[in-house]
K.L.:
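Once you've had a glance at the structure underneath, I'll fire off some questions.
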Amino acid sequence: MKIATWNINGVKARIDTLLAWLEESKPDIACLQEIKSVDDAFPRMEIEALGYHVETHGQKGFNGVAILSKLRFDEVNRGLPGDDEDEQARFIEGVFSTPKGVLRVVSLYLPNGNPISEDRKFGYKLRWMDRLERWADERLALEEPLVLAGDYNVIPEAGDARNIDQWYNDALFQPESRQALRRLCNLGFIDAIRTTTDEDGIYTFWDYQAGAWQKNNGIRIDHLLLSPEAANLLSSTSVEKHVRAWEKPSDHVPAIAELRID
DNA sequence: ATGGTCGACACTCGA
């Protein structure tokens, strides 16, 4: 069971790239972020033609998440609980039946949080992370395989950036952001991609600006957090870095966890 | 030190 997460940075601008990637990588479940589309405008037909079920939680202009799955959805939940005023589309959960029992997969797009001087940005990020921690704690009590996949907009450690010096004043590497991610992990999740190795570093995002890709000036901010029951099924992880070199690339690349589920 | 690049959308914001 191949589970992928990819911030696609606009599904309408990226549909050809998305279809090419689905045909090449063949994930069983793909979590997308930043679809930047309302549900009605999501290009579902082309994706369904490749054998995927499609569930979206979109909004106009920005944000928006989706899950594509070769398995039928038993249940879909949209929106992160804990704040009825929050209108931003950043969270969707799918529930599936597998030969190993139930599987829960979340596609999440955690707030960027910049600039850190603005409460409506950085404060919102930290409050969102607090809500995520509370939600995850409840779900862990179910003791089921659960994958929290997405763009977390948090650099866990200094080694998760090529040039950490340029991130010290950024919301992605603030002590509060990193601590909130650690608190979430310490509930009992494992950061699947963390175990991946590459002599050039493991990054999932390279900015479009200043030749970041050409200089391999990347950061690791897309994560798959696995509950203990999911971690026990983990067989391999990878980051599909080559996708960043394609025509009209997203600034993120797919990150993958494979679970031993037939 | 500065500006550099994208996508969506509507003359600017979010990243």
Side-chain angles (χ1 to χ4, degrees), chain A residues 5-21 31-44 46-47 56-66 80 85-91 107-129 132 149-156 160-174 176-178 180-181 203-223 241-255:
Chain A
T5 182
W6 190 17
N7 179 320
I8 195 168
N9 189 20
V11 71
K12 286 169 281 185
R14 209 80 59 212
I15 183 60
D16 291 342
T17 310
L18 174 60
L19 295 172
W21 172 70
C31 301
L32 304 180
Q33 301 86 37
E34 279 207 270
I35 62 174
K36 296 185 178 179
S37 170
V38 294
D39 294 338
D40 285 345
F42 191 92
R44 63 165 52 239
E46 299 97 308
I47 296 166
T56 61
H57 185 212
Q59 73 178 92
K60 186 177 179 180
F62 57 107
N63 298 331
V65 290
L80 179 62
E85 312 280 286
D86 186 0
E87 311 248 298
Q88 300 194 33
R90 298 179 172 277
F91 185 97
S107 177
L108 66 89
Y109 177 46
L110 211 144
N112 175 291
N114 283 304
I116 57 178
S117 56
E118 286 187 30
D119 180 72
R120 60 180 275 270
K121 294 295 188 177
F122 191 52
Y124 173 62
K125 176 180 193 144
L126 296 178
R127 289 189 290 275
W128 204 93
M129 294 186 83
L132 179 61
D151 176 0
Y152 281 71
N153 270 314
V154 177
I155 304 167
D160 294 311
R162 179 70 162 200
N163 297 119
I164 198 62
D165 289 358
Q166 70 189 70
W167 298 97
Y168 280 118
N169 290 316
D170 195 287
L172 277 60
F173 195 62
Q174 287 309 292
E176 296 94 328
S177 311
R178 298 171 59 205
L181 181 61
Y203 311 125
T204 63
F205 168 91
W206 296 260
D207 202 288
Y208 288 123
Q209 302 182 65
W213 168 245
Q214 289 74 13
K215 291 185 263 189
N216 194 28
N217 183 14
I219 52 177
R220 187 173 73 89
I221 56 174
D222 298 273
H223 309 304
K241 182 178 183 179
H242 67 285
V243 173
R244 186 64 177 77
W246 287 2
E247 289 292 308
K248 279 196 61 155
S250 169
D251 40 8
H252 296 249
V253 296

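When reading the values below, keep in mind they use all heavy atoms of this one structure, side chains included, and skip hydrogens, waters and symmetry mates.
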K.L.:
How are the rings of A:Trp213 and A:Trp206 set to each other: parallel, tilted or perpendicular (split at 30° and 60°)?
P.N.:
perpendicular
K.L.:
With rounding to whole Å, what would you report as the distance between B:dA1 and B:dA15 at their P atoms?
P.N.:
26 Å
K.L.:
Between A:Gln59 and A:Gln88, who's closer to the 5' end of DNA chain B by nearest nucleotide?
P.N.:
A:Gln59
K.L.:
Would the A:Trp21 and A:Trp246 ring centres measure less than 6.0 Å apart?
P.N.:
no
K.L.:
Using a 4.0 Å cut-off to any heavy atom of chain A, which nucleotides of DNA chain B are the first and last in contact, reading 5' to 3'?
P.N.:
B:dG4 to B:dA15
K.L.:
Can you list the steps and then say if A:Asn112 with A:Lys121 is a side-chain contact (heavy atoms from CB on, under 4.5 Å)?
P.N.:
CA-CA 8 Å; A:Asn112 175 291; A:Lys121 294 295 188 177; over 6 Å; no
K.L.:
So what does A:Phe205 touch, heavy atoms closer than 4.0 Å: a base, only the sugar-phosphate, or nothing?
P.N.:
nothing
K.L.:
Can you name the residues that form a salt bridge (charged side-chain N to carboxylate O under 4.0 Å, His left out) with A:Asp151, not counting sequence neighbours?
P.N.:
none
K.L.:
How do A:Ile35 and A:Ala210 order along DNA chain B: which one's closest nucleotide is nearer the 5' end?
P.N.:
A:Ala210
K.L.:
Between B:dC11 and B:dG7, how far apart are the C1' atoms? Round to whole Å, please.
P.N.:
15 Å
K.L.:
Please say whether more than 12 non-hydrogen atoms of neighbouring residues, nucleotides or ligands are located less than 6.0 Å from CG in A:Asn163.
P.N.:
yes
K.L.:
Say we look at B:dC9 and B:dG14: how far apart would their C1' atoms be, to the nearest angstrom?
P.N.:
12 Å
K.L.:
Is it the case that the side chain of A:Ser177 and the backbone of A:Ala171 share a donor-acceptor pair, with hydrogens and angles ignored and the cut-off at 3.5 Å?
P.N.:
yes
